[in-house]
Amino acid sequence: MSFNENLKEAMYCKNLTTIQLANLTDINSGTISNYLKTKGSMPPADKALKLAKALDVSVDFLINGFDTKSESSIQQKSPFSIEVFKIAQKMDSLDKDELTIINSMVDLLKKKK
């Protein structure tokens, strides 16, 4: 995954908004928004370090994806957080009708249990 996807995932797992992360890091929320929106956009090292510390992940995780520290931190929220986040990313491009079908399928699976 790219930096912006890894940043989104870490923010999701910490339940942080862009504004909350900006307050924790003293990085402008508009700057953070640009990192989230622009694939391939990378912050300077000092900002990457601030983001990593605030999100309790490594800079390596933000740049390259999983590492041991980050994976355990993310999975503290739920053992399925990573899988759910990846599924949600795939569904992001679906239209309303397709999402309605998926929602119905999830409801059926929950009833099956």
Side-chain angles (χ1 to χ4, degrees):
M1 290 197 301
S2 62
F3 181 87
N4 69 326
E5 292 169 326
N6 297 331
L7 180 59
K8 284 178 195 175
E9 183 171 341
M11 288 174 64
Y12 168 80
C13 290
K14 289 291 186 179
N15 290 320
L16 289 175
T17 65
T18 303
I19 293 170
Q20 291 168 326
L21 184 57
N23 290 335
L24 289 171
T25 59
D26 292 325
I27 298 172
N28 183 290
S29 63
T31 301
I32 294 172
S33 289
N34 285 338
Y35 297 146
L36 292 168
K37 292 177 190 172
T38 310
K39 195 168 188 157
S41 176
M42 294 279 281
D46 62 324
K47 289 184 180 177
L49 186 58
K50 286 181 180 183
L51 291 167
K53 284 183 180 181
L55 294 166
D56 192 30
V57 297
S58 67
V59 173
D60 186 46
F61 169 79
L62 290 176
I63 295 170
N64 300 312
F66 287 109
D67 64 19
T68 307
K69 178 185 175 192
S70 301
E71 188 168 342
S72 64
S73 172
I74 289 169
Q75 288 186 341
Q76 285 174 2
K77 177 174 175 158
S78 162
F80 302 108
S81 292
I82 296 164
E83 288 80 8
V84 170
F85 182 80
K86 288 178 182 177
I87 291 168
Q89 283 184 308
K90 290 178 185 177
M91 293 187 318
D92 193 40
S93 63
L94 300 178
D95 66 31
K96 185 178 178 181
D97 292 334
E98 293 167 328
L99 291 172
T100 301
I101 292 168
I102 290 173
N103 192 34
S104 298
M105 292 170 63
V106 170
D107 288 342
L108 286 171
L109 288 170
K110 285 172 49 177
K111 288 179 184 177
K112 188 177 177 181
K113 286 186 173 187

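Scanning all heavy atoms of the two residues, the minimum distance from V57 to A10 falls at CG1-CB, 4.3 Å. Nearest approach of F3 to S41, heavy atoms of both residues: CD2-O, 3.6 Å. In plain terms, the two heavy atoms of L16 and Q20 that are nearest each other are CA-OE1, 3.3 Å.
The closest side-chain heavy-atom distance from T18 to M11 is below 4.5 Å. Here the side chains of I63 and N6 are not in contact, with every heavy-atom distance at 4.5 Å or above. The shortest side-chain heavy-atom distance between L55 and F61 does not fall under the 4.5 Å cut-off.
In this structure, the separation between CG on L49 and OG1 on T25 is 11.0 Å, given to the nearest 0.5 Å. Atoms OG1 and CG, from T31 and L36 in turn, are 11.0 Å apart once rounded to the nearest 0.5 Å. Interatomic distance, I101 CD1 to M105 CE, rounded to the nearest 0.5 Å: 8.5 Å. For the atom pair CE (M42) and CG (N4), the distance works out to 10.5 Å, reported to the nearest 0.5 Å. Rounding to the nearest 0.5 Å places OG1 of T17 at 15.0 Å from OH of Y12. The distance from atom OG of S58 to atom CG of N64, rounded to the nearest 0.5 Å, is 8.5 Å.
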Is there a side chain to side chain contact (heavy atoms under 4.5 Å, CB included) between L21 and L51 once you walk through the steps? CA-CA 8 Å; L21 184 57; L51 291 167; 3.6 Å; yes
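Within a 6.0 Å sphere centred on CD1 of I19, other residues, nucleotides and ligands contribute 12 heavy atoms or fewer.
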